[in-house]
2 protein chains.
Amino acid sequence: MEAQAPENLEELTEKIALLQDRLPKRLRQCAAYILQNTHEIAFSTVAEISEKANVQPSAVMRFCQVVGFGGYTDMQKLVRQTIQPGIPDYSERIQNLREAGDDSPTAILAEFVEAGRQSLEQLSITVNETALEKAVETLAQARLIHIMGLRRAYPVASYLSYAFEKLRIPNVLHGGEGRLTHAEAMREEDVLIAITFASYSSETIELADEAVQRGLPVILISDTPSLLVNGTVVVPLIVSEIDFGAFRSLSATLSLAISLAVATGARRSS
Amino acid sequence: MEAQAPENLEELTEKIALLQDRLPKRLRQCAAYILQNTHEIAFSTVAEISEKANVQPSAVMRFCQVVGFGGYTDMQKLVRQTIQPGIPDYSERIQNLREAGDDSPTAILAEFVEAGRQSLEQLSITVNETALEKAVETLAQARLIHIMGLRRAYPVASYLSYAFEKLRIPNVLHGGEGRLTHAEAMREEDVLIAITFASYSSETIELADEAVQRGLPVILISDTPSLLVNGTVVVPLIVSEIDFGAFRSLSATLSLAISLAVATGARRSS
DNA sequence: TCAAAACTGGAATATTAATTCCAATAATGG
DNA sequence: CCATTATTGGAATTAATATTCCAGTTTTGA
């Protein structure tokens, strides 16, 4: 209306974000959908967008006008312009990012993205289906799931705990900030998920040992099979995450962990 | 005519190349232009293509039919599909998995790996280099870095904290297990990294607001730009992570986060 | 509680683009 | 060179899509 039409994608998202709160219900639905699926506009018709956003075509139309465009066609033109030069060619894009200069943030990001991608690929190839299946089966029958992981492994452990929580599966996260472990809380019919990478945290190893001694199944998420404490009760899940510098993006490990949780949830509810 | 329509870009180019020689003049012009500008088809109308190829629209039409498509629309559909790899609807896919009875851990893992891969690609394409650069610059100059993220964002926050620790960069992780925040600890020259995804944790938002009011720079890692608290001091880093079911692999977000940390470390030591 | 304003859904209309058709032209073969 | 067939250009038709309009509904403010 009175406002200028955005002239590039950033201006567009910024403007939508700004408006979003003051917009009436249906227009806000449009805003939300378009914010998250901006690029869809390039290829979709008004009708398609409106259906996915659960509004009438006319609402989408009004939305375009509120944002400052003459109509949907104008907005689509903008999105197409900004998409076209790129032609989402991943490898080319990564190449460009890498060339940005050695310690530039984008160059570093490119390396981590690439490392993450390779790790994921690696994971999908090397995953031991039998072990995974066994792990899920074990978890599905557990009364209480104990989770332990420190340092690099802690984000994985905490995300697992969060996922189980959401799935309403009883779990305990050991060794959080206070580094406390509650070995004595491990009872019959419980299971321990231990996550540790070289060089291994002694606390995690100790807890795993403790669990083994008490006869509990242990699922071990690690980067090498070198610490098979005890072949009979330990289910090893190996993830070889690619390092960049001293760090890893954890992409593969987290994917494996979350799959474990979701599969367990599915198994339980069926 | 009765020939099969190509089903992907390679088949298409192959077929055109094959036909090219036996085609009459105008159709050969079409072939030549389309071979070299295949991707244009995704965005252009028949009229536009025909003009650029110096032929009549009807010639383009005939060309499409000769290649095996029903019409221009079909050919366009094909090109669009291959340019924009799907953008799969994951909530639908998990439904499909369930219905297909394939909720095996391996199948679920495959989905998460795929979702992670796509998120990483997406990130490499949509990352805002300027914002990233600004974020690193800000962090490099910070006296103390505050980190806040709850629920899904907590693994990211804790990994960031771990990385900064390893890099010997002073940092505080707020809102850990006890959900405690230490707003009063935020002083002049500090910086806050706030991580939150829809639906946003009110605690994180509040801490960010507090920081803004105290005049501290805030770096916001989020999935939509919809909560730009204050454009002047907040640096927004947007990651659109693909959901699978109710969960995400966090691949893209963690890659971004770890890059931020490493780049900051590099900047500081130089 | 009521009147005015804002919002919404769905149908009606206008625009634009795809597709077909046919007469005119050019190529081919005897 | 003529008859036949293939190709072409452009207009006419059809289909799809964007856009507007308005009556019904909800929200707002006094």
Side-chain angles (χ1 to χ4, degrees), chain A residues 1-3 5-6 12 16 19-34 37-81 83-84, chain B residues 1-3 5-6 12 16 19-34 37-81 83-84:
Chain A
M1 293 292 205
E2 75 289 343
L12 176 61
I16 298 179
L19 283 172
Q20 188 163 231
D21 296 332
R22 321 164 217 263
L23 250 31
K25 190 177 168 201
R26 290 287 118 109
L27 296 196
R28 192 162 352 153
Q29 280 174 246
C30 294
Y33 183 81
I34 287 174
N37 305 279
T38 319
H39 54 278
E40 286 244 319
I41 297 172
F43 299 99
S44 304
T45 68
V46 175
E48 284 163 352
I49 294 285
S50 74
E51 192 182 359
K52 290 194 189 168
N54 278 312
V55 297
Q56 290 286 327
S58 48
V60 173
M61 228 51 222
R62 261 173 253 135
F63 174 78
C64 294
Q65 285 161 1
V66 166
V67 177
F69 296 103
Y72 181 79
T73 312
D74 289 354
M75 186 164 80
Q76 190 175 52
K77 227 172 256 170
L78 175 70
V79 176
R80 282 185 179 175
Q81 273 175 16
I83 280 186
Q84 187 143 18
Chain B
M1 288 302 208
E2 78 285 340
L12 177 61
I16 296 180
L19 284 171
Q20 190 160 228
D21 297 332
R22 327 165 211 256
L23 250 33
K25 192 177 167 201
R26 291 286 118 110
L27 295 198
R28 190 160 356 147
Q29 280 175 246
C30 292
Y33 184 81
I34 287 174
N37 305 280
T38 320
H39 58 275
E40 285 249 316
I41 297 173
F43 300 98
S44 306
T45 67
V46 174
E48 285 162 351
I49 294 285
S50 74
E51 194 182 357
K52 291 194 190 169
N54 279 312
V55 297
Q56 289 287 326
S58 48
V60 174
M61 226 52 222
R62 261 173 252 135
F63 174 79
C64 295
Q65 285 162 1
V66 167
V67 177
F69 296 104
Y72 182 79
T73 312
D74 288 354
M75 186 164 79
Q76 189 174 53
K77 227 173 253 167
L78 175 71
V79 176
R80 283 186 178 174
Q81 273 175 17
I83 274 193
Q84 214 194 17

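Throughout, a chain's letter reflects where its sequence line sits, starting with A, and its residues are numbered from 1.
What you find for A/V66 and A/L23 is that their closest heavy atoms are CG1-CD1, 4.1 Å. Residues B/S44 and B/Q76 approach most closely at O-NE2, 3.0 Å, considering heavy atoms. Taking every heavy atom of both residues into account, A/V67 and A/P6 meet most closely at O-CD, 3.7 Å. Closest approach of B/F43 and A/R80 over heavy atoms only: O-NH1, 3.3 Å.
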Assess whether side-chain hydrogen bond (donor to acceptor under 3.5 Å, both in side chains) is satisfied between A/R62 and A/Q65, documenting all intermediate values.
CA-CA 5 Å; A/R62 261 173 253 135; A/Q65 285 161 1; over 6 Å; no
For nucleotides 23-25 of chain D, print each protein N/O atom paired with a nucleotide N/O atom at under 3.5 Å, atom names and distance only.
none

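For the pair A/Q56 and C/dG10, the criterion of a side-chain N or O lying under 4.0 Å from OP1 or OP2 is met.
B/A53 is linked by a side chain to side chain contact (heavy atoms under 4.5 Å, CB included) to B/Y33, B/V55, counting only residues two or more places apart in sequence or in another chain.
Atom CZ in A/F69 sits roughly 15 Å away from atom P in D/dA18 (whole-Å rounding). One interatomic measurement links the two molecules: NZ of A/K77 to P of D/dA18, which rounds to 13 Å at whole-angstrom precision. In this structure, A/M75 atom CE and D/dT19 atom C1' are separated by 14 Å, rounded to whole Å. Between A/R26 atom CZ and D/dT27 atom C1' there is a gap of 14 Å when expressed in whole angstrom units.
Within 6.0 Å of CD in A/E51 there are 12 or fewer heavy atoms belonging to other residues, nucleotides or ligands.
When atom types are taken as modelled, the side chain of A/Q29 and the backbone of A/N54 share a donor-acceptor pair closer than 3.5 angstrom.
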Letter per nucleotide, 5' to 3', of nucleotides 17-28 of chain C [B base touched, S only sugar-phosphate touched, - untouched; heavy atoms, 4.0 Å]
SSSB--------
